[in-house]
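Note that ligands are numbered from 1 as they come in the structure, with each ligand's atoms numbered from 1 the same way. The basis for the numbers below is simple: all heavy atoms, side chains too, and nothing from hydrogens, waters or symmetry mates.
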Amino acid sequence: MEKIRMATPLVEIDGDEMTRVLWQMIKDELIAPYVDLNTEYYDLGLKNRDNTDDQVTVDAANAIKRLGVGVKCATITPNAARIKEYDLKTSYPSPNATLRAILDGTVFRAPILVKGIEPCVKNWKKPITIARHAYGDIYKNVEMRVPGKGVAKLVFEGIDGTVEEKTIMEFEGPGIVQGIHNLDSSIEKYARACFVYALANKQDLWFASKDTISKTYDGRFRDIFQKIYEEDFKEKFAEAGISYFYTLIDDAVARIMKCEGGILWACKNYDGDVFSDMLSSAFGSLAMMTSVLVSPDGCFEYEAAHGTVQKHYYKHLKGETTSTNSVATIFAWTGALAKRGELDSNEELTCFAKKLEKATINTIESGKMTGDLARITNLENVETLDSLGFIQAIRKTLDAMM
Ligand code: NAP
Ligand code: MG
């Protein structure tokens with residue numbers, strides 16, 4: 001069989017520990033035999049970030065801006081223990097935070113559904129994707145304890161000298177007060193990223209806030225989403241046969257429980273913090289989640305939602321067998337390859353990526369899986385495989401499909 005060619009390189013971002021081990025296995029067993037891989041390689045392994053004073057992370061982000069699509073392995077965010085373990089020159093920021101800041105992106109996470117690993121909510125038939133706004137609100141708050149009787153005010157002093165002042169509360173006794181903010185520019189970028197993602201995946205978009213109570217603050221979120229929708233996306237959504245739906249956050253929560261899934265749920269910062277944990281645990285496992293960072297100008301970076309699986313790596317180093325689930329990392333590769341194929345009108349590449357996803361799911365549904373899934377599945381006659389054995393089982397399924 002002739003290998004599938006790639007016109008434009010993919011930005012390949014290597015990482016750390018067990019996921020770095022899986023990374024190589026996935027390339028060797030599941031991609032290189034079928035695709036003439038064309039990548040621009042960036043080694044974000046912690047040692048190389050240290051060697052380059054983290055310049056490699058910045059270069060990788062700029063490469064995604066230039067080429068449009070990247071795939072990233074999980075990486076260590078160094079803490080004090082890691083600085084010692086890797087003998088680092090200094091503490092480096094989270095690579096994901098650096099990438100997110102340069103690409104100005106939003107992270108979208110969606111569960112990978114397989115028969116035998118059932119969501120707790122029985123009517124969820126299709127994945128629910130969640131997006132979380134990553135700026136402002138209570139995460140950048142200013143707060144105070146009020147010691148006793150007195151007045152708390154909200155004051156804005158414009159650079160032109162105008163002053164606007166409102167009383168928050170005339171306190172008769174002790175209490176608490178906080179100030180929060182957001183920026184039109186940040187909300188606009190977030191809204192755009194959500195509309196772009198919904199279109200790319202042909203999913204209805206829901207956005208919710210508490211604008212009945214917070215008429216100005218949450219009302220601003222609602223109005224910005226609405227304006228961007230009407231100006232730039234209404235026609236495209238109609239063409240794609242999808243819809244944009246705004247509702248109150250409590251109504252959205254009630255509807256999510258009753259819906260069958262297949263939607264993108266865009267959340268304000270706090271709502272996203274809370275509901276993303278609810279969704280991922282209700283759907284089963286972190287190793288069965290896809291995660292993609294989308295920039296407002298339409299660049300895509302695919303990754304796994306979990307970390308470098310440190311404990312398994314230490315076992316691996318000792319020569320013990322591991323049973324680490326590679327599904328999220330495989331789907332990071334397939335997401336990136338499919339997107340590259342779509343942008344380059346390379347149908348063969350997109351089709352291959354979809355086949356590899358199907359082969360992965362079929363392998364699990366046939367009872368062959370890693371230990372984390374074997375523990376929670378309701379399938380019978382399950383065969384628990386080691387890290388490489390699982391990947392090789394997927395290759396067998398894939399070969400039979402080719
Ligand atoms: P982790 O890698 O997410 O793993 C935590 C535990 O979850 C594992 O010990 C394992 O449980 C289970 N697990 C996670 N992924 C799994 C998989 N693919 N297959 C099977 N089990 C899996 O978190 P961590 O070990 O606490 O963090 C390690 C490093 O990852 C940290 O240095 C952190 O900075 C980094 N991190 C990176 C990212 C990223 O790059 N996106 C995200 C989060 C964390 P059992 O031990 O019970 O098997
Ligand atoms: Mg949280």
* Under 3.5 Å, N or O to N or O, is Val309 touching ligand 1 that way? -> yes
*Polar contact flag for His306 and ligand 1 (N/O pairs, less than 3.5 Å)*: yes
Tell me: protein heavy atom nearest [atom], and distance?
atom	value
atom 29 (C) of ligand 1	Thr308 OG1, 3.0 Å
atom 44 (C) of ligand 1	Gly307 CA, 3.4 Å
atom 37 (C) of ligand 1	Thr75 O, 3.0 Å
atom 19 (N) of ligand 1	Asn325 N, 2.9 Å
atom 33 (C) of ligand 1	Thr77 N, 4.1 Å
atom 11 (O) of ligand 1	His312 NE2, 4.3 Å
atom 39 (C) of ligand 1	Asn96 ND2, 3.3 Å

Heavy-atom side-chain contact between Tyr190 and Phe221 under 4.5 Å: no
**Asked** Do Phe352 and Thr334 come within less than 4.5 Å of each other through their side chains, counting heavy atoms only?
**Response** no
*Is Leu286 near ligand 1, meaning one of its heavy atoms is under 4.0 Å from it?*
no
So is Met18 touching ligand 1 or not, going by heavy atoms under 4.0 Å? no
Cation over ring face, Lys368 and Phe390, 6.0 Å, 45° | no
Task: atom 7 (O) of ligand 1 within contact range, any protein heavy atom under 4.0 Å - done: no
Measuring to protein heavy atoms, does anything land under 4.0 Å from atom 24 (P) of ligand 1? no
- Between Arg132 and Asp271, is the closest basic N to carboxylate O distance under 4.0 Å? no
Just heavy atoms, cut-off under 4.0 Å: does [X] contact ligand 1 by side chain, backbone, both, or neither?
X	value
Asp16	neither
Lys311	side chain
Arg82	side chain

### Message
Would Asp59 and Tyr42 count as a side chain to side chain donor-acceptor pair (under 3.5 Å) here? Give the steps.
### Response
CA-CA 8 Å; Asp59 292 346; Tyr42 294 84; over 6 Å; no
Per ring-ring contact (aromatic ring centres under 6.0 Å, His included), Tyr244 is matched among Phe195, Phe237, Phe207, Phe233 by Phe195
>> Hydrogens and angles aside, do Thr397 and Thr363 bring a side-chain donor and acceptor to less than 3.5 Å of each other?
In response: yes
In terms of side-chain heavy atoms, does His133 have a donor or acceptor partner in Tyr139 at a distance below 3.5 Å?
no
For this session: Could you give me the CA-CA distance, side-chain angles and deciding distance for Arg109 and Ser291, then say whether side chain to side chain donor-acceptor pair (under 3.5 Å) is met?
Result: CA-CA 4 Å; Arg109 294 207 157 150; Ser291 180; 3.0 Å; yes
_Donor-acceptor check, side chain of Asn123 to backbone of Met257, threshold 3.5 angstrom: yes or no?_
yes
